[in-house]
2 protein chains.
Amino acid sequence: MTEASMQRITRQRQVILETLRNVRTHPTADELYEIVRKKLPHISLGTVYRNLDTLERCGMALRLDRVGNQARFDGDTSQHCHIRCKQCGRVDDIFETHAEVHADAVVRETGYQVTGFSLEFEGKCPTCKEIQDN
Amino acid sequence: MTEASMQRITRQRQVILETLRNVRTHPTADELYEIVRKKLPHISLGTVYRNLDTLERCGMALRLDRVGNQARFDGDTSQHCHIRCKQCGRVDDIFETHAEVHADAVVRETGYQVTGFSLEFEGKCPTCKEIQDN
DNA sequence: CTACTAATGAGAACGGATCGCAAAAAGGAG
DNA sequence: CTCCTTTTTGCGATCCGTTCTCATTAGTAG
Ligand SMILES: [Zn+2]
Ligand SMILES: [Zn+2]
Ligand SMILES: [Zn+2]
Ligand SMILES: [Zn+2]
């Protein structure tokens with residue numbers, strides 16, 4: 001399912017995607033809901049969840065699986081990885097991947113049919129680092 | 001908090017840790033609960049959760065976050081990574097890491113104080129692969 | 001043994017995510 | 001435009017993994 005093949009382009013779907021693409025924060029569903037509500041005050045949280053799900057299945061958004069206890073979403077579907085602040089939960093992008101990973105060796109070791117991998121960094125974000133230092 | 005400094009060594013705690021260490025499946029809390037119940041029929045699920053939490057804080061167990069919608073736990077705290085079957089959720093170990101990751105470059109790019117990273121593979125496990133082929 | 005405190009069992013509560021359903025909206029045909 | 005069909009929405013109920021509460025139990029020091 002692609003953007004073109006999505007059967008209805010509703011105002012809600014449009015605004016949700018637009019908002020997700022214009023934000024760099026990898027928001028949770030309810031964070032996105034709060035932002036979208038400024039444009040569509042009567043939208044429901046369920047609609048946000050449903051559309052995020054649809055967008056993910058269309059390959060137009062990514063679900064960052066349970067970084068913390070809530071799912072986060074990413075409107076940038078290009079290849080990049082993430083770093084998460086252990087203290088405040090903030091998630092930032094890492095576009096230059098300074099890593100070399102050999103999946104073929106994993107296949108030999110495990111017998112799995114490997115379809116991908118995710119490399120995620122964790123640490124303390126600049127803001128939390130500064131707060132700690134004071 | 002270390003093993004020695006844990007204030008009480010209860011039978012429940014003992015059995016939970018023992019069971020977790022003797023299992024290779026990276027069980028969820030309720031899977032572990034079912035196994036432990038065979039030895040301690042009156043243990044409660046809450047106790048399993050509480051002790052897994054304690055063990056994690058003592059560095060005696062690992063919580064594998066964001067594998068599916070349930071947390072999974074690992075009694076092997078040595079350095080290794082995991083591969084997860086997208087179809088059935090099974091998690092296996094990968095002890096030989098065929099990957100080279102440069103965290104220092106990430107520090108430069110993001111300004112984070114990087115404390116670690118996790119590399120997780122995903123794919124289809126041997127069992128699910130065979131089922132599909134038939 | 002007693003006294004003190006941590007841990008347990010049972011169940012209620014919490015919270016993120018999903019579901020069910022009637023109403024609304026989108027799109028197509030004429 | 002109207003009429004009809006199908007998708008989507010809003011809203012509330014529900015699910016389910018996890019955490020919390022609290023009276024009771026049990027580990028440990030002395
Ligand atoms: Zn932070
Ligand atoms: Zn991103
Ligand atoms: Zn499998
Ligand atoms: Zn493991």
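Order of the sequence lines sets the chain letters (A, B, ...), proteins ahead of strands, with each chain counted from 1. Treat the numbers as computed from the prediction; the structure is a model and nothing was measured.
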Return the value, rounded to whole Å, for the distance between atom [atom1] of [X] and atom [atom2] of [N].
X	N	atom1	atom2	answer
Y33(A)	dG15(C)	OH	P	16 Å
E34(B)	dG17(D)	CD	P	12 Å
R13(A)	dA26(C)	CZ	C1'	11 Å

What is the ring orientation for H80(B) with F95(B), classed by angle as parallel under 30°, tilted 30 to 60°, or perpendicular over 60°?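 H80(B) vs F95(B) ring planes: tilted.
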
Determine the interplanar angle of the H82(A) and H26(A) rings, folded into 0 to 90°, and report it as parallel if under 30°, tilted if 30 to 60°, perpendicular if over 60°.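 The rings of H82(A) and H26(A) stand perpendicular, inter-plane angle above 60°.
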
If you compare every side-chain N and O of [X] against the phosphate oxygens of [N] (OP1, OP2), does one of them come in below 4.0 Å?
X	N	value
T47(A)	dG10(D)	yes
T10(B)	dA6(C)	no
Q12(A)	dA25(C)	no

Choose from dG27(C), dT18(D), dT28(D) the nucleotide whose nearest atom is closest to any side-chain atom of Y49(B).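 Per side-chain heavy atoms of Y49(B), the pick is dT18(D).
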
Per R50(A) side chain, nearest of listed nucleotides dG9(C), dT9(D), dT28(D):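 The closest nucleotide is dT9(D).
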
Return yes if a side-chain donor-acceptor contact under 3.5 Å exists between R13(B) and T47(B), otherwise no.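 No donor-acceptor contact under 3.5 Å links the two side chains.
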
Whichever of R11(B) and A29(A) has its nearest DNA chain C nucleotide further upstream toward 5':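 Residue closer to the 5' terminus by nearest nucleotide: R11(B).
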
When all nucleic acid strands are considered with a 4.0 Å heavy-atom cut-off, which category describes N51(B): base, sugar-phosphate, or nothing?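 If one applies the 4.0 Å heavy-atom cut-off, N51(B) turns out to touch the sugar-phosphate alone, with no base involved.
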
Which is true for I43(B) with a 4.0 Å heavy-atom rule: it touches a base, it touches only sugar-phosphate, or it touches nothing?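 Sugar-phosphate, no base atom in range.
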
Sort me out a list of protein N/O and nucleotides 1-5 of chain C N/O pairs below 3.5 Å, or just none if empty.
residue : atom : partner : partner atom : Å
dT5(C)  : O2   : R8(B)   : NH2          : 2.7

